[in-house]
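What follows is a single structure, written as structure tokens, with notes after it.
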Amino acid sequence: MYEAFYGLKEKPFSIQPDPDFLFLGKRHSLAYTMLQYGIQNRANFSVICGDIGCGKTTLIRHLLNQLGPDLTVGLVYNTHPDIADLLEWIMLAFGQPYEGMSSVARYDAFQRFLINEYGAGRRTILIVDEAQNLSVGALESLRMLSNINVDKAQLLQVILVGQPQLRDLLQKPELHQFAQRVAVDFFIPPLTSEEVAAYITHRLQVAGREEPLFTPAAVQRIAQASHGVPRSINILCDTLLVYGFASDSVVIDAALVEDVLRDRQEYGVLSVPPTA
């Protein structure tokens, strides 16, 4: 809609996780380094937490693109507290048959799968997204799976990715043994005001525009309104480009940001009515 008007080859502020647009600010860069460290050093469990929309999934997508052929990766992302048997979802994630098996048969089949991967010179990594939805029992079953080994070699590494509730969950007394297995953990905070400016510039450049499009005052107001959360930044900036296109605005200034924020407050379906 507005791409040609602003000299863009694609939408720069889509909310879909896209590794091509990954912005490695200080904290995201540290989180990624910790993930790499955990994989390279065969950490039992690695845990990455952050608020909704902070870029965790995009970071994981980028990680998946960088992993070599010596790693077999399974991704579980349909997590919920009522999962009766997490191993079924794990088998599905690795493309292994699981239907019609007893729990003992599934465990045996998964153990043989891990051993076969090890024998072929490949390490096996399980990534569980939205892990805050898992029950204590499901996490304990993961801990038991991590005990599978051959000749002292650990056959399964697990990366848990989730919202802040995951951090709270892992601090429960009944998960004390699990927490002791966590070798790598990192919490991703919101972007700083300076990072928001760099983030916006980065996404515009990836989308094909080198010239500044947002004024410094507009960027500052976006940082305040979004609280530094990447997904919120994307939603607001995308709306601003629609408004700018509609009004033939060649740059996005602070006045336009205020217009959008005011309209979202007054007409937005999800707006919060002001208190008296």
Side-chain angles (χ1 to χ4, degrees), residues 12-67 73 75 77 79 125-134 157-171 178-179 181-207 212 214 216 218-238 240 257:
F13 299 108
S14 170
I15 63 172
Q16 298 302 318
D18 187 343
D20 291 340
F21 281 89
L22 177 64
F23 172 73
L24 287 174
K26 179 180 179 180
R27 297 299 178 178
H28 285 78
S29 181
L30 282 171
Y32 184 70
T33 300
M34 293 298 286
L35 283 172
Q36 289 181 308
Y37 175 82
I39 291 173
Q40 293 172 3
N41 288 272
R42 302 174 185 266
N44 247 17
F45 288 93
S46 300
V47 178
I48 297 295
C49 290
D51 288 318
I52 296 173
C54 77
K56 302 182 296 296
T57 301
T58 304
L59 197 67
I60 292 299
R61 294 279 180 87
H62 178 67
L63 176 70
L64 290 173
N65 289 342
Q66 305 304 313
L67 297 179
V73 181
L75 176 61
Y77 53 88
T79 58
I125 298 175
L126 173 67
I127 300 175
V128 182
D129 202 2
E130 300 297 342
Q132 77 280 349
N133 294 328
L134 295 177
Q157 292 179 250
V158 180
I159 297 174
L160 300 180
V161 184
Q163 296 171 26
Q165 298 94 311
L166 175 60
R167 180 175 54 182
D168 301 333
L169 178 61
L170 294 178
Q171 292 176 352
F178 186 101
R181 300 284 187 91
V182 176
V184 171
D185 65 285
F186 196 85
F187 186 88
I188 304 174
L191 301 177
T192 65
S193 296
E194 292 76 14
E195 287 177 323
V196 171
Y199 175 86
I200 291 173
T201 298
H202 169 75
R203 294 191 72 100
L204 287 171
Q205 289 176 343
V206 173
F214 295 76
V219 170
Q220 182 178 15
R221 188 67 183 96
I222 291 167
Q224 293 171 346
S226 66
H227 303 290
V229 177
R231 186 180 300 166
S232 298
I233 297 169
N234 288 359
I235 293 171
L236 179 52
C237 286
D238 187 59
L240 283 164
V257 179

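- Residues Arg203 and Phe23 are not in side-chain contact: their nearest non-hydrogen atoms beyond the backbone lie 4.5 Å or more apart.
- For Asp185, there are no side chain to side chain donor-acceptor pair (under 3.5 Å) partners two or more places apart in sequence or in a different chain.
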Q: I would like to know whether Val73 and Leu75 meet side chain to side chain contact (heavy atoms under 4.5 Å, CB included); could you show each step before the answer?
A: CA-CA 7 Å; Val73 181; Leu75 176 61; 5.5 Å; no
Q: Given side chain to side chain contact (heavy atoms under 4.5 Å, CB included), test Asp18 with Val206 step by step and report yes or no.
A: CA-CA 11 Å; Asp18 187 343; Val206 173; over 6 Å; no
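- Taking CD1 of Ile222 as the reference point, atom NE2 of His227 lies at 13.5 Å (rounded to 0.5 Å).
- Taking both residues in full, the closest heavy atoms of Ala183 and Ala43 are given as CB-CB, 3.7 Å, listed atom of the first, atom of the second, then distance.
- Between Asp238 and Ile15 the shortest side-chain heavy-atom distance does not fall below 4.5 Å.
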Q.
Using the rule given for side chain to side chain contact (heavy atoms under 4.5 Å, CB included), can you reason through Val161 versus Leu59, listing the C-alpha separation, both sets of side-chain angles and the distance that settles it, and then say yes or no?
A. CA-CA 10 Å; Val161 184; Leu59 197 67; over 6 Å; no
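- Within the 4.5 Å cutoff, no side-chain heavy atoms of Thr58 are placed close to those of Phe21.
- Residues Val196 and Gly228 approach most closely at CG2-CA, 4.1 Å, considering heavy atoms.
- Note that the CZ atom of Arg61 and the CD atom of Gln66 stand 14.5 Å from one another [nearest 0.5 Å].
- Side chain of Thr79 to main chain of Glu130: a donor-acceptor pair is present (N/O by atom type, distance under 3.5 Å, no hydrogens or angles).
- Shown here are the ring-ring contact (aromatic ring centres under 6.0 Å, His included) partners of Tyr32, two or more places apart in sequence or in another chain: His62.
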Q.
What verdict does the side chain to side chain contact (heavy atoms under 4.5 Å, CB included) test give for Asp129 and Ile60, after you've listed the backbone C-alpha separation in whole Å, the side-chain angles of each residue and the deciding distance to 0.1 Å?
A. CA-CA 9 Å; Asp129 202 2; Ile60 292 299; 5.8 Å; no
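- When side chains are defined from C-beta on, Ile159 counts as touching Ile39, because their heavy atoms get closer than 4.5 Å.
- Contact annotation: the side chain of Pro164 approaches that of Phe187 to within less than 4.5 Å [non-hydrogen atoms, C-beta and beyond].
- In this structure, the separation between CD1 on Ile48 and OG1 on Thr57 is 12.0 Å, given to the nearest 0.5 Å.
- Residues Phe178 and Leu160 form a side-chain contact, since some pair of their non-hydrogen atoms from C-beta on lies under 4.5 Å apart.
- Between Glu195 and Arg27, the shortest heavy-atom distance links the atoms OE2-N, 4.3 Å.
- The minimum heavy-atom distance linking Ile200 with Cys237 is given by the pair CD1-SG, 4.0 Å.
- In this structure, SG on Cys49 lies 8.5 Å from CD on Gln132, to the nearest 0.5 angstrom.
- With values rounded to the nearest 0.5 angstrom, His28 atom NE2 is found 4.5 Å from Ile188 atom CD1.
- Between Ser14 and Asn234, the shortest heavy-atom contact is O-ND2, 3.1 Å.
- Within the structure, the salt bridge (Lys or Arg N to Asp or Glu O under 4.0 Å) test picks out no pair touching residues 49-58 (sequence neighbours left out).
- Closest non-hydrogen pair, Gly53 versus Val229, comes out as O-CG1, 3.4 Å.
- Residue Leu240 holds its CG atom at 5.5 Å from CZ of Phe214, rounded to the nearest 0.5 Å.
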